[in-house]
Amino acid sequence: QNGVMSGLMQMLLLKVSAHITEQLGMAPGGEFREAFKEASKVPFCKFHLGDRPIPVTFKRAIAALSFWQKVKLAWGLCFLSDPISKDDVEKCKQKDLLEQMMAEMIGEFPDLHRTIVSERDIYLTYMLKQAAKQIELPRASETEPRKYIPAVVVGVVGMGHVPGIEKNWNSDLNIQEIMSVPPPSASSKIFKFVIKATVFGLMGYGCYRIGQRTVQFILSMPAAQSYLQNLTEIRSQ
């Protein structure tokens with residue numbers, strides 16, 4: 001539904017998620033599930049999923065990477081086998097270490113960091129600010145002055161997004177640009193065409209070989225040979 005490359009990227013990230021779950025005994029995103037459970041206990045509490053849609057993020061991330069960067073990233077995700085302990089998770093909660101890890105990611109895949117982290121920082125900040133707007137109280141008449149009460153908002157985000165949200169909080173944000181999906185480049189179009197042509201070509205060749213062997217097998221059967229012989233005699237008569 002979202003394209004071949006986007007689908008493959010999602011499968012690789014699910015593999016990483018499964019690896020983390022196996023190592024730690026708990027699935028990533030548990031904080032969001034707990035937030036939903038707690039929100040459901042609060043009367044009149046509205047629960048809002050405020051992150052950018054995954055298909056948009058994936059397509060923008062894939063479009064930002066060169067062909068070799070895609071290959072390098074896919075290779076790294078396919079052969080991810082580093083052990084992860086709960087101590088490693090606790091270390092990630094330290095701000096200095098977290099910033100160091102983010103800096104390493106920026107150095108290796110700067111465009112990927114921009115689409116997956118920096119752009120989502122802007123989107124998350126925008127959605128939080130929308131949720132934090134003051135609430136207007138209902139008025140008995142048009143002449144009554146407007147009254148507002150502050151909104152009470154609890155935002156649950158990944159730790160890697162906190163510095164970006166703090167940085168963007170007082171800025172005028174426009175999310176239209178980061179919601180658009182750039183058109184595919186000429187090289188990606190050629191690559192997709194080659195992949196599709198190869199797949200359909202192999203399928204066609206496979207069907208041809210299977211059909212050829214099936215016909216040979218049927219013709220080798222005594223009943224088929226007898227039928228063909230009778231048919232030949234009838235035609236000759």
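Put simply, the side chain of R146 never gets that close to the backbone of P138: no donor and acceptor are under 3.5 Å apart. Without hydrogens or angle criteria, K147 side chain to E136 main chain gives no donor-acceptor distance under 3.5 Å. At least one donor-acceptor pair closer than 3.5 Å links the side chain of R60 to the backbone N or O of S180. Panel note: side chain E144, backbone A140; a donor-acceptor pair is recorded below 3.5 Å.
Just one residue in the list L124, D51, T125 forms a side chain to side chain contact (heavy atoms under 4.5 Å, CB included) with H161, and that residue is L124.
Here NZ of K133 is found 11.0 Å from OH of Y148. Values are rounded to the nearest 0.5 Å. Once rounded to the nearest 0.5 Å, the distance linking CD1 of I62 with OG1 of T57 reads 10.5 Å. Distance check: Q130 CD to L173 CG gives 9.5 Å after rounding to the nearest 0.5 Å.
More than 12 heavy atoms of other residues, nucleotides or ligands sit less than 6.0 Å from atom CZ of R33.
When the side chains of ILVMFWY residues are joined at heavy-atom separations under 4.5 Å, either directly or via intervening members, F58 and I116 end up in a single hydrophobic cluster. L137 and I135 end up in the same hydrophobic cluster when Ile, Leu, Val, Met, Phe, Trp and Tyr side chains are linked at under 4.5 Å. Linking ILVMFWY side-chain heavy atoms closer than 4.5 Å, directly or via other members, places F36 and L49 in a single hydrophobic cluster. Each of I165 and V156 belongs to its own hydrophobic cluster when Ile, Leu, Val, Met, Phe, Trp and Tyr are linked at side-chain heavy-atom distances under 4.5 angstrom. By the rule that hydrophobic residues join a cluster once side-chain heavy atoms approach within less than 4.5 Å of another member, Y123 and V157 end up as members of separate clusters.
Between R120 and T115, the shortest heavy-atom distance links the atoms CG-O, 4.1 Å.
Checked for salt-bridge contact, K167 and D121 miss the test: no charged N lies under 4.0 Å from a carboxylate O. For R114 and E119, the salt-bridge test passes: some basic side-chain N is under 4.0 Å from an acidic carboxylate O.
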